[in-house]
Amino acid sequence: MEFVTQNTDKEERMEYPFQDIEKKWQKNWNDKKLFNTLDATDKKKYYVLAMFPYPSGILHCGHVSNYSISDAIARLKMMEGYNVMQPMGFDSFGMPAENYAIQNNSHPGITTEDCITAMHKQFDSLGFGLDWDREVSTCRPNYYKWGQYLFKKLYEKGLVYRKTSFQNWCESCQTVLANEQVENGHCWRCDSQVTQKELEQWYFKITEYAEELLDFSKMLDWPERVITMQKNWIGKSFGTEINFSLEGTGEPVKVFTTRPDTIFGVTFMALPPEHPYVQRWLAEDPENKALHDFCHKVINEDKIERTAENTTKEGIFSGRFCINPVNGDRVQIWVTNYVVMDYGTGAVMAVPAHDQRDFEFAKKYNLPIKIVIQNKEHDLTAETMTAAYVEPGFQVNSAQFDGMENEPAKQAITDWMQSKGMGRQTVTYRLRDWGVSRQRYWGNPIPVIYCDDCGIVLVPDKDLPVLLPSNVQVGKTTRNPLLSVPEFVNTTCPQCRKAARRETDTMDTFVDSSWYFARYADPKNDNEPFNKDKANYWLPVDQYIGGIEHAVMHLLYARFIHKFMRDLCWVKCDEPFARLLTQGMVTKDGAKMSKSKGNVVDPKYIIDRFGADTLRVFLLFASPPEKDSEWSDDGVMGAFRFLNRVWRLIETNLDALKRGMQLNANIEDVSPAMKDLLFSSHNTTKKWLEDSIHRMQYNTAIAAIMEHLNHCVAVKEPEALNDADLAVYAEACGIIPQLLYPFAPHIAEELWQMLGFEGMVHSGGLPGYEERYLVRDRINYVIQINGKVRGKMEIAPDTAEDKIRELALEVDNVKKTIEGKTIHKVIVIPGKMVSIAIS
RNA sequence: GCGAAAGUGGCGGAAUUGGCAGACGCGCUGGACUUAGGAUCCAGUAGGUGCAAACCUGUAGGGGUUCAAGUCCCCUCUUUCGCACCA
């Protein structure tokens with residue numbers, strides 16, 4: 001179903017005037033600078049941040065959903081009296097802008113600014129409480145200057161280095177990708193196949209922080225899922241480094257193993273073709289064609305393909321041997337495709353009896369299998385095994401360790417080797433350093449100059465930022481675009497003044513987004529990245545909100561850079577994001593909205609026809625924030641009907657309500673029906689507080705308002721109520737604007753004003769409830785017999801337990817059911833139920 | 001393969017601590033009002049049997065603990081996500 005465009009006949013349709021209301025309050029908030037937050041260091045702060053968008057030009061429903069959540073939180077915190085900051089900006093460097101510019105023969109700088117303007121307008125039309133005075137856009141020189149400064153600081157602290165190696169290469173994006181940015185062998189952004197290419201590039205030593213990045217204790221509330229993903233990614237494993245030595249030269253060959261207990265079972269050594277020793281043997285032995293061919297083949301194989309699990313293990317005997325330090329065994333060295341150079345020490349001691357990969361390899365090439373861990377039955381034999389034995393067992397063929405259980409033997413053997421200088425206990429991580437060079441134009445230039453005499457020279461602070469030139473012919477070449485700008489490339493060496501060249505790679509855009517949350521604290525600072533006091537007032541972000549797709553990449557990089565900034569004493573806290581909410585995406589027809597699937601809903605359409613409040617209520621009501629939610633045109637109508645019902649309730653009864661608010665209810669005079677409504681007011685408020693503030697489950701908070709609204713609407717002819725009843729009624733309707741405010745702020749402000757309350761809704765504080773109104777005269781008890789509901793009764797709350805038991809057995813249907821049966825047990829759950837067990 | 005999360009009406013979802021399963025919304029059915037609307041109001045809506053009272057079945061499937069299980073335990077299946085020759 002498609003919505004027809006603008007309906008002008010509002011009166012007749014009895015729709016509330018959402019357009020006027022939304023425009024009015026957006027202007028009002030703006031005029032009052034309600035969301036332009038001051039750095040009021042004497043006030044308790046609350047920093048709400050939703051991940052900033054890439055300026056694609058249109059906000060889609062996923063964005064709206066995301067920012068509706070953060071705005072709800074921000075407004076709730078405003079009601080609570082916090083000094084709330086909710087900034088917004090744009091992650092505006094990156095490939096899409098560059099590609100778009102190539103296609104349309106324009107310039108990414110221009111298209112990006114146009115997109116930002118367009119999106120800014122859309123943000124305004126949604127009425128989010130954003131502090132635009134703090135806007136940050138990563139492609140603007142006043143921002144990226146400090147990214148370059150940060151790069152220099154990292155370099156000065158020895159956390160940046162250059163390395164040539166095989167890199168993940170995306171042909172379609174024409175650039176290198178970090179390991180985190182490769183998903184199942186495909187590019188995280190464009191999904192095309194990733195290949196390997198040898199390149200020299202810049203790395204950040206994120207591995208220096210690996211240990212600290214594993215400490216999640218400073219996170220108050222991070223989803224376990226995200227923590228697990230990061231832990232897996234960092235991949236810490238404890239083990240032992242063992243020094244084998246090359247036969248002949250005696251040079252060390254270090255291996256890393258998590259199974260030192262199997263050291264006596266080593267029957268060969270496995271090295272990757274990239275291993276320096278292998279490379280040396282190739283050079284020394286140009287005649288060994290078989291070895292050359294094999295190494296050449298494996299090195300040029302796709303790395304992703306090569307490390308896939310189902311790839312067959314292959315190898316070739318190198319002709320060399322090494323010596324096992326524990327027993328002097330002479331061990332063949334094989335060059336294989338299943339060992340990778342960049343994990344551990346890049347060398348594996350192969351124990352076919354107790355490692356499945358080694359087992360398969362040994363079977364294929366007829367290498368010996370030596371059992372050193374026996375099972376309980378002691379019936380393992382090398383001849384009869386069909387798979388490696390990896391279960392716990394007892395040491396055999398292991399010299400003085402024979403008979404020990406293998407688990408304690410790990411430590412014993414490691415200790416013994418350590419004392420003999422054969423090895424040492426060590427820790428290895430799966431995490432690799434972060435490759436940050438990108439061979440693209442639309443990114444932050446790396447502030448480095450290459451001088452023939454002086455080598456790598458950093459651009460001096462006074463020359464920052466290295467401005468990204470605008471006269472670049474994008475898309476004219478497959479080479480790095482900045483290479484084609486001579487006036488950019490050619491410069492003079494800051495040290496010796498001779499001609500020199502600039503670095504033409506730009507930084508990964510994840511660098512830009514790794515510190516923006518701190519820049520929001522002081523976005524206009526031209527003298528430093530940000531003022532420390534301001535940053536320390538605002539940081540950490542109290543509530544961060546974003547998609548699960550950033551669980552590893554962005555969130556790990558940002559934590560790393562934040563810790564680095566802490567080590568520079570720029571910030572004090574250890575973690576940038578105290579609480580994290582990973583919101584679900586908005587799907588349509590069960591799939592993520594995307595242009596290619598043709599299932600995109602343009603929020604503008606909904607806002608024009610039903611209003612921003614309706615859209616926000618719909619999105620928040622659809623499901624809990626962290627779950628995906630399915631778009632539904634009918635659901636939007638439901639939200640719209642709800643707001644119309646609220647509007648009608650208050651507008652049509654406005655006189656009575658205003659009168660009722662002046663009255664004091666004497667509880668004695670309130671009729672039973674109105675006592676129920678009084679209960680609803682306080683009970684709803686209680687549930688609303690619990691759901692919205694404590695549980696952050698806005699769908700049920702909204703459901704509670706709807707339920708309460710149904711109770712209010714059920715009151716007919718309120719103007720005819722007596723004073724006590726009218727006072728109760730006025731209170732019941734009067735709390736609705738506050739309850740609605742975080743989710744539908746425009747209509748909430750309008751109703752608040754209509755009802756004659758002072759100031760704006762948030763200044764009224766959080767709504768409160770009184771326990772005394774939650775006490776009921778009569779309580780509903782359910783009577784269960786053998787677990788089935790067989791009766792109900794209404795009794796006074798202070799009824800004694802014996803009496804309750806007695807009454808329950810008197811209920812008609814209960815009497816009938818227990819007739820002629822033996823009662824074993826009667827359990828009373830105070831305030832709830834009576835449970836009877838019969839035979 | 002390893003790890004994690006999830007599975008509830010026609011649909012989105014609720015049930016917060018083991019205590020009336022299906023709140024709330026959508027959709028649907030019937031009715032009212034009509035200036036015929038994507039409006040409003042009333043009633044109904046898990047499935048089944050029944051005139052009704054009421055009864056039976058039911059939270060992926062199977063077992064268990066308990067007076068009481070969507071919730072706790074064991075097994076199986078399915079889906080989603082993450083990791084995956086990591087030594």
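A quick note: this is a predicted structure, and the numbers were derived from the prediction, not measured. Chain A is the first sequence line, chain B the second, and so forth, proteins listed ahead of strands; every chain is numbered from 1. Note that these values count all heavy atoms, side chains included, but never hydrogens, waters or copies made by symmetry.
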Could you work out the separation of [N] and [M] based on their [atom1] atoms and round it to a whole Å?
| N | M | atom1 | result |
| --- | --- | --- | --- |
| B/G25 | B/U80 | P | 32 Å |
| B/A14 | B/A23 | C1' | 5 Å |
| B/U8 | B/G44 | C1' | 22 Å |
| B/A39 | B/A21 | P | 35 Å |
| B/C75 | B/A43 | C1' | 47 Å |
| B/A68 | B/A54 | P | 24 Å |
| B/G47 | B/C41 | P | 25 Å |
| B/G19 | B/C42 | P | 33 Å |

What is the distance from [atom1] of [X] to [atom2] of [N], rounded to the nearest Å?
| X | N | atom1 | atom2 | answer |
| --- | --- | --- | --- | --- |
| A/K627 | B/G7 | NZ | C1' | 10 Å |
| A/H711 | B/A23 | NE2 | P | 13 Å |
| A/M833 | B/C67 | CE | P | 14 Å |
| A/L619 | B/G13 | CG | C1' | 15 Å |
| A/K788 | B/A21 | NZ | C1' | 15 Å |
| A/R695 | B/A15 | CZ | C1' | 9 Å |
| A/F618 | B/G27 | CZ | P | 12 Å |
| A/W647 | B/A39 | CH2 | C1' | 17 Å |

[X] vs [N]: side-chain N/O to OP1/OP2 distance below 4.0 Å:
| X | N | answer |
| --- | --- | --- |
| A/T428 | B/C86 | no |
| A/R790 | B/A54 | no |
| A/Q230 | B/C83 | no |
| A/N710 | B/A23 | no |
| A/N813 | B/A53 | no |
| A/R225 | B/U80 | no |
| A/R641 | B/A39 | yes |
| A/R648 | B/A39 | no |

Worksheet item: Is any side-chain N or O of A/K687 under 3.5 Å from a base N or O of B/U16, one able to act as donor and the other as acceptor?
Response: yes

Q) Is any N or O donor-acceptor pair between the side chain of A/K792 and the base of B/C20 shorter than 3.5 Å? A) yes

Residues [X] and [Y]: side-chain donor-acceptor under 3.5 angstrom:
| X | Y | result |
| --- | --- | --- |
| A/T258 | A/S237 | no |
| A/Q425 | A/Q411 | yes |
| A/E626 | A/T582 | no |
| A/H711 | A/S680 | yes |

Of the listed nucleotides [options], the one nearest the side chain of [X]:
| X | options | answer |
| --- | --- | --- |
| A/I827 | B/C67, B/C86, B/A84 | B/C67 |
| A/V340 | B/C20, B/C85, B/C86 | B/C86 |
| A/A837 | B/C67, B/A84, B/A14 | B/C67 |
| A/W233 | B/C83, B/C86, B/C24 | B/C83 |
| A/F256 | B/G12, B/G38, B/A87 | B/A87 |
| A/S623 | B/A15, B/G13, B/C85 | B/G13 |
| A/V782 | B/C20, B/G27, B/G25 | B/C20 |
| A/Q697 | B/A14, B/C86, B/G82 | B/A14 |
| A/E707 | B/A23, B/C26, B/A21 | B/A23 |
| A/D634 | B/G27, B/G19, B/A84 | B/G27 |

Would you mind classifying the nucleic acid contact of [X] as base, sugar-phosphate or nothing, using non-hydrogen atoms under 4.0 angstrom?
| X | value |
| --- | --- |
| A/T345 | nothing |
| A/D812 | nothing |
| A/G235 | nothing |
| A/R432 | base |
| A/V339 | base |
| A/M706 | sugar-phosphate |
| A/E630 | nothing |

Would you call A/E360-A/R357 a salt bridge at under 4.0 Å N-O?
no

Whether A/E794 and A/R776 form a salt bridge (side-chain N of Lys/Arg under 4.0 Å from carboxylate O of Asp/Glu) is what I want to check. no

Quiz prompt | Beyond-backbone contact of A/K364 with A/E314, side-chain heavy atoms, under 4.5 angstrom | solution = yes

Value for CH2 (A/W233) from CZ (A/R432), rounded to nearest 0.5 Å, stands at 8.5 Å

Of A/S632 and A/A703, the one whose nearest nucleotide on RNA chain B sits closer to the 5' end is A/A703

Nearest-nucleotide check on RNA chain B, A/H694 vs A/T258; residue mapping nearer the 5' end is A/H694

With a 6.0 Å cut-off on ring centres, are A/F642 and A/F621 close enough?
-> no

Its glycosidic angle compared against 90° from 0, B/G9 adopts the form syn

Does [N] have a Watson-Crick or wobble partner in any strand here, with both distances under 3.5 angstrom, and which is it?
| N | value |
| --- | --- |
| B/U59 | none |
| B/A53 | none |
| B/U40 | B/A32 |

**OP:** Look at the rings of A/F640 and A/F18 and say which category their plane angle falls in: under 30° parallel, 30 to 60° tilted, over 60° perpendicular.
**Re:** perpendicular

